[in-house]
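A short worksheet on the structure shown next.
Note that the coordinates shown come from a computational prediction; the quantities given were computed from them, not determined experimentally.
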Amino acid sequence: MKTVKLNLKLMAINRVKKILNPKKYISQKDRPYALAAILLGFLNHFLYQISKGSAFVALFCPVNESVWEHLKLIFFPILFVSAAEYLRFRPETVRFFYYRFLAVLCAMIATVTLFYTYTGITGKNFLVIDILIFLISILFGFYMDAHFYQRSMPNTSQAATFSLWIVTSLFYFVFTCFPPDIPLFFSAL
């Protein structure tokens with residue numbers, strides 16, 4: 001009986017590894033940037049505490065355990081690595097940043113959907129599942145970026161594209177300082 005349980009666990013672990021294999025979903029040129037976004041996200045989780053509550057750091061890093069604040073772990077790392085990737089490869093500006101914005105939205109929507117679905121079912125949250133959701137969401141975002149990049153570009157101006165990034169950043173800044181009284185902004189702890 002123990003052997004059967006062990007084999008089932010090993011099969012499950014191997015299946016998860018296969019599903020989460022970024023090589024399957026993310027282009028080779030984007031893989032280092034996806035990894036960098038993941039590492040920046042992990043660092044951002046603790047940066048506010050490390051900075052002893054710096055107001056500037058609070059704009060980019062979670063200040064509490066709310067879902068909204070944790071979306072910063074996706075948005076800003078992807079924004080920063082996208083800027084680095086752009087500087088290195090110089091792709092078509094509007095296309096690159098427009099599709100990357102859509103990808104970051106997909107990652108954030110995946111995070112919210114997965115978090116509220118599993119906590120709605122279980123009635124509580126688990127750190128391991130929260131970390132897996134973060135990883136899956138970042139990888140999903142980079143997968144969606146590659147998916148969007150294969151499509152034809154809609155008529156979007158450079159001003160409109162960068163406005164999307166700027167307005168979303170401003171929402172994070174404002175709602176960090178003045179969070180609305182709705183569950184998305186409530187601390188999960």
Side-chain angles (χ1 to χ4, degrees), residues 30 33-34 36-116 130 133-149 151 153-189:
D30 284 342
Y33 297 98
I38 289 169
L39 294 175
L40 275 175
F42 280 125
L43 174 65
N44 278 7
H45 191 275
F46 303 104
L47 205 54
Y48 180 69
Q49 291 173 329
I50 292 169
S51 74
K52 295 182 176 37
S54 164
F56 178 75
V57 172
L59 297 174
F60 302 96
C61 301
V63 298
N64 63 38
E65 292 297 319
S66 71
V67 174
W68 173 262
E69 288 291 318
H70 277 72
L71 291 177
K72 290 179 183 178
L73 302 179
I74 294 171
F75 182 80
F76 289 110
I78 290 179
L79 172 59
F80 297 147
V81 300
S82 296
E85 186 174 4
Y86 175 78
L87 291 173
R88 178 159 187 224
F89 293 110
R90 297 288 182 182
E92 183 186 336
T93 306
V94 174
R95 182 182 185 105
F96 177 78
F97 282 104
Y98 179 75
Y99 286 144
R100 192 56 62 91
F101 181 80
L102 293 179
V104 81
L105 281 182
C106 289
M108 292 188 305
I109 290 168
T111 298
V112 171
T113 303
L114 292 170
F115 178 79
Y116 281 118
D130 294 345
I133 288 173
F134 167 72
L135 294 171
I136 290 167
S137 295
I138 292 278
L139 295 176
F140 179 65
F142 277 89
Y143 166 77
M144 291 306 295
D145 179 62
H147 173 75
F148 291 137
Y149 225 83
R151 306 283 183 246
M153 178 69 189
N155 255 351
T156 305
S157 71
Q158 186 169 349
T161 298
F162 286 108
S163 293
L164 292 169
W165 285 101
I166 292 166
V167 168
T168 305
S169 297
L170 290 175
F171 274 122
Y172 276 108
F173 300 161
V174 169
F175 290 150
T176 293
C177 299
F178 308 103
D181 194 25
I182 57 175
L184 183 66
F185 298 87
F186 297 165
S187 187
L189 292 179

**Message:** Test side-chain contact (heavy atoms from CB on, under 4.5 Å) on Tyr116 and Leu184; report intermediate values, then the result.
**Reply:** CA-CA 10 Å; Tyr116 281 118; Leu184 183 66; 4.0 Å; yes
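- Proximity of Leu164 to Phe97: side-chain heavy atoms (C-beta onward) are nowhere separated by under 4.5 Å.
- Considering CZ of Phe96 and OH of Tyr86, their distance stands at 9.0 Å, rounded to 0.5 Å.
- The nearest pair of heavy atoms linking Lys72 to Asn44 is O-ND2, 4.4 Å.
- When each of Leu79, Thr168, Thr161 is tested with Phe101 by the rule side chain to side chain contact (heavy atoms under 4.5 Å, CB included), just one qualifies, namely Thr168.
- Interatomic distance, Ile182 CD1 to Phe185 CZ, rounded to the nearest 0.5 Å: 5.0 Å.
- Under the ring-ring contact (aromatic ring centres under 6.0 Å, His included) test applied with Phe75, the options Trp165, Phe80, Phe175, Phe171 reduce to a single match, Trp165.
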**Request:** Take Ile138 and Leu73, measure what side-chain contact (heavy atoms from CB on, under 4.5 Å) needs, and give me the verdict at the end.
**Result:** CA-CA 9 Å; Ile138 292 278; Leu73 302 179; over 6 Å; no
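- Between Leu135 and Phe42 there is a side-chain heavy-atom pair separated by less than 4.5 Å.
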**Request:** In sequence, state the C-alpha distance, the side-chain angles, and the governing distance for His70 and Thr111, and then conclude on side-chain contact (heavy atoms from CB on, under 4.5 Å).
**Result:** CA-CA 9 Å; His70 277 72; Thr111 298; over 6 Å; no
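- At a threshold of 4.5 Å between non-hydrogen side-chain atoms, the residues Met144 and Leu102 do not count as touching.
- Atom CZ of residue Phe186 and atom CD of residue Glu65 lie 15.5 Å apart, to the nearest 0.5 angstrom.
- For the atom pair CG (Leu40) and CZ (Phe60), the distance works out to 12.5 Å, reported to the nearest 0.5 Å.
- A donor-acceptor distance shorter than 3.5 angstrom exists from the side chain of Arg95 to the backbone of Tyr149, with no hydrogens or angles considered.
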**Request:** Evaluate the criterion ring pair (Phe, Tyr, Trp, His ring centres under 6.0 Å) for residue pair Phe142 and Tyr33; output intermediate values, then yes/no.
**Result:** CA-CA 9 Å; Phe142 277 89; Tyr33 297 98; 8.0 Å; no
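- Put simply, the residue from Ile38, Leu139, Leu114 that forms a side chain to side chain contact (heavy atoms under 4.5 Å, CB included) with Phe134 is Ile38.
- Ile74 contributes atom CD1, which lies 11.0 Å from atom CZ of Phe140 (distance to the nearest 0.5 angstrom).
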**Item:** Intermediate values then yes/no, side-chain contact (heavy atoms from CB on, under 4.5 Å), Ile78 and Met108
**Value:** CA-CA 11 Å; Ile78 290 179; Met108 292 188 305; over 6 Å; no
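- By the 4.5 Å heavy-atom criterion applied to side chains, Leu59 and Phe76 are not counted as neighbours.
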**Request:** Take Tyr98 and Phe148 through the ring pair (Phe, Tyr, Trp, His ring centres under 6.0 Å) test and state the conclusion after the steps.
**Result:** CA-CA 9 Å; Tyr98 179 75; Phe148 291 137; 8.3 Å; no
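- If you take CD on Gln158 and OG on Ser163, they are separated by 10.0 Å, rounding to the nearest 0.5 Å.
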